[in-house]
Amino acid sequence: MEFENAEQLKGYLSERFGITMPNEIRMKQTKSHGIRLYSPSVSTKHVFGLEGFMAYSKNTGLSPYFLQLIGHLAKKSIIALNKRDAIDYASGKPLKKKLSAQQEQGLVVLSYKNHILGYGILEGKGTIKFPMKEKIKRNLVNDVATYPGRNL
Amino acid sequence: MEEKEFLDWLGSFTDAEAAFDSLKNVKESFRINTLKIPISIFDEISGLKCSSVKWLNGARILEEKIQLGNAFEYFLGYLHTQSLSSMVPPLVLNPKPGETVLDLTAAPGSKTTQISAMMKNTGMIVANDEPKREIFIVNNLARLGALNVVVTNRDAKNWPLKGEFDRVLLDAPCSALGSNLNAIRRFSIDGIRTLASVQKRMLLSAFDALKPGGTLVYSTCTYSAEENEEVVSELLSSRENAELMKIDLDIPHETGLDGLDNAWRIYPQQLKSEGFFIAKIRRVD
């Protein structure tokens, strides 16, 4: 999945997940540091630096942290994981899921007990791949309760 | 320096045995990241065994043996591991939403992200450090969802923007004698003099970045007067519009040395955390 600019990425988020970017978050394409995510109050007019953090670059793909931040706004293409799968996801392992006929291949927001873990790449036969470029090995050792007031 | 020699030296400031024992037995602590989760909801969903801290609502002390990096809450960006003492300088700085803040030596970004949370992702924080340390800041900004930050790589001794910031934090590179037991072995008077010379230049640079009426916080995690009170005194004598302010917080501490009563020294036995020095300075013109 490649994006040429911030508008294209916004369009994809809207079409794929039904996400409308909130007014308090801005996105812009930079020359060599991908698409940045930042607050509208931030300006580099007088400071030579990089705003916020990288939401996407062609080298590293879409940042899981970006989806972790806005994933709760998704209205579709969300897959809820059980604890075993959530732990496997955090460890960078591919997941196998039984899918409904309506689920299309592509990016999916992954949730666990209404918490947003990040995203995965849904492939044929129900395999969900971890976004490879951001793989971080972890071995989650505890559990969390359901996030109240959300119904993902 | 040998441990005994260090304890003798530390004993000239505080109860050295108590300080040393406390530092050896510091419990892990963390800050709830309100950029991603309200404190009340964190307390509802988290199963971590931890105790709260009287002087900071979102601070917690871990009361179980678990690697926080392997906790769900960490993976979700709901918490940031940070020593209790290092949470104090941003409280003293007291940034407000919408302000412009400079964190002159920001890596790894613990205090930057704390300030970001205090400002509710509004205004602007410039987080500056050496290029090789930028990656630590950037990773923490992304994991914790801090969006009101610009990361820069300028020389902290020669910060180019003068008179632009409402608040400036200089958590200076130091000998780390308050936080790192291994630092004792590296301790030397020559080393401290070299650091102090750098710190003095950084503090002048930090002060000059302030707007009139702006607030500067200088902090280190060390005990030597050369790196603390002497650095602040140099600023006060070099800039007649610099005034050392009283710190109006209810947190255990001792007063600064050499007549700098408004400065704070926090020893490990007081917060069961690292040793810190903190001074709050105002540009009064």
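The model shown is predicted, which means the values in this text are computed figures rather than measured ones.
- Atoms CZ and CG, on A/Phe53 and B/Leu144 in that order, are 9.5 Å from each other to the nearest 0.5 Å.
- Ring planes of A/His115 and B/Tyr78: tilted class, angle from 30 to 60°.
- Counting heavy-atom neighbours within 6.0 Å of B/Lys211 NZ, excluding the residue itself, gives a total above 12.
- B/Val151 touches chain A through backbone and side chain together, each having a heavy atom under 4.5 Å away.
- Contacts between B/Glu134 and chain A at a heavy-atom distance below 4.5 Å involve the side chain alone, from C-beta outward.
- The local environment of CZ in B/Arg154 is sparse, with at most 12 non-hydrogen atoms from other residues, nucleotides or ligands closer than 6.0 Å.
- In A/Asn23, the CG atom is not crowded: 12 or fewer heavy atoms of neighbouring residues, nucleotides or ligands sit closer than 6.0 Å.
- Looking at B/Phe75 and A/Tyr89, their side chains come closer than 4.5 Å, going by heavy atoms from C-beta outward.
- What you find for B/Gly123 and A/Ser41 is that their closest heavy atoms are O-OG, 2.6 Å.
- Taken from CE in B/Met119 to OG in A/Ser39, the straight-line distance is 9.0 Å, to the nearest 0.5 Å.
- Using non-hydrogen atoms only and a strict 4.5 Å limit, the part of residues 44-61 of chain B facing chain A consists of B/Glu44, B/Ile45, B/Gly47, B/Leu48.
- Environment of CZ in A/Arg26: sparse, with no more than 12 heavy atoms of neighbouring residues, nucleotides or ligands closer than 6.0 Å.
- Within 6.0 Å of OH in A/Tyr12 there are more than 12 heavy atoms belonging to other residues, nucleotides or ligands.
- For the atom pair A/Tyr147 OH and B/Leu76 CG, the distance stands at 10.5 Å (nearest 0.5 Å).
- Under a cut-off of 6.0 angstrom, the local environment of CD in A/Glu15 is sparse, with at most 12 non-hydrogen atoms contributed by other residues, nucleotides or ligands.
- Looking at heavy atoms from C-beta onward, A/Leu37 lies in side-chain contact with B/Leu147 at the 4.5 angstrom threshold.
- Nearest heavy atom pair, residue A/Gln68 against residue B/Arg143, reads OE1-O, 4.2 Å.
- Note that OG1 of B/Thr122 and CD of A/Glu24 are 11.0 Å apart. Values are rounded to the nearest 0.5 Å.
- For a residue to count as touching a neighbouring chain, one of its non-hydrogen atoms must lie under 4.5 Å from one of that chain's; by this rule A/Phe66 does not touch chain B.
- Donor-acceptor pairing under 3.5 Å is recorded for the side chains of B/Glu73 and A/Asn142.
- The distance from the CE atom of A/Met54 to the CG atom of B/Leu141 is 12.5 Å, given to the nearest 0.5 Å.
- A distance of 5.0 Å separates CZ of B/Phe72 from CD1 of A/Ile87, quoted to the nearest 0.5 Å.
- Atom NZ of A/Lys75 sits in a crowded spot, with more than 12 heavy atoms from other residues, nucleotides or ligands closer than 6.0 Å.
- Under the 4.5 Å side-chain criterion, counting only non-hydrogen atoms from C-beta, B/Met124 is in contact with A/Val47.
- Heavy-atom pairs under 4.5 Å with chain A were tallied for B/Val138, B/Leu161, B/Asn128; the largest tally goes to B/Leu161.
- Side-chain atoms of B/Gln67 and A/Val141, non-hydrogen and from C-beta on, never get closer than 4.5 Å to each other.
- Of the atoms belonging to B/Ala142, heavy atoms from both backbone and side chain fall under 4.5 Å from chain A.
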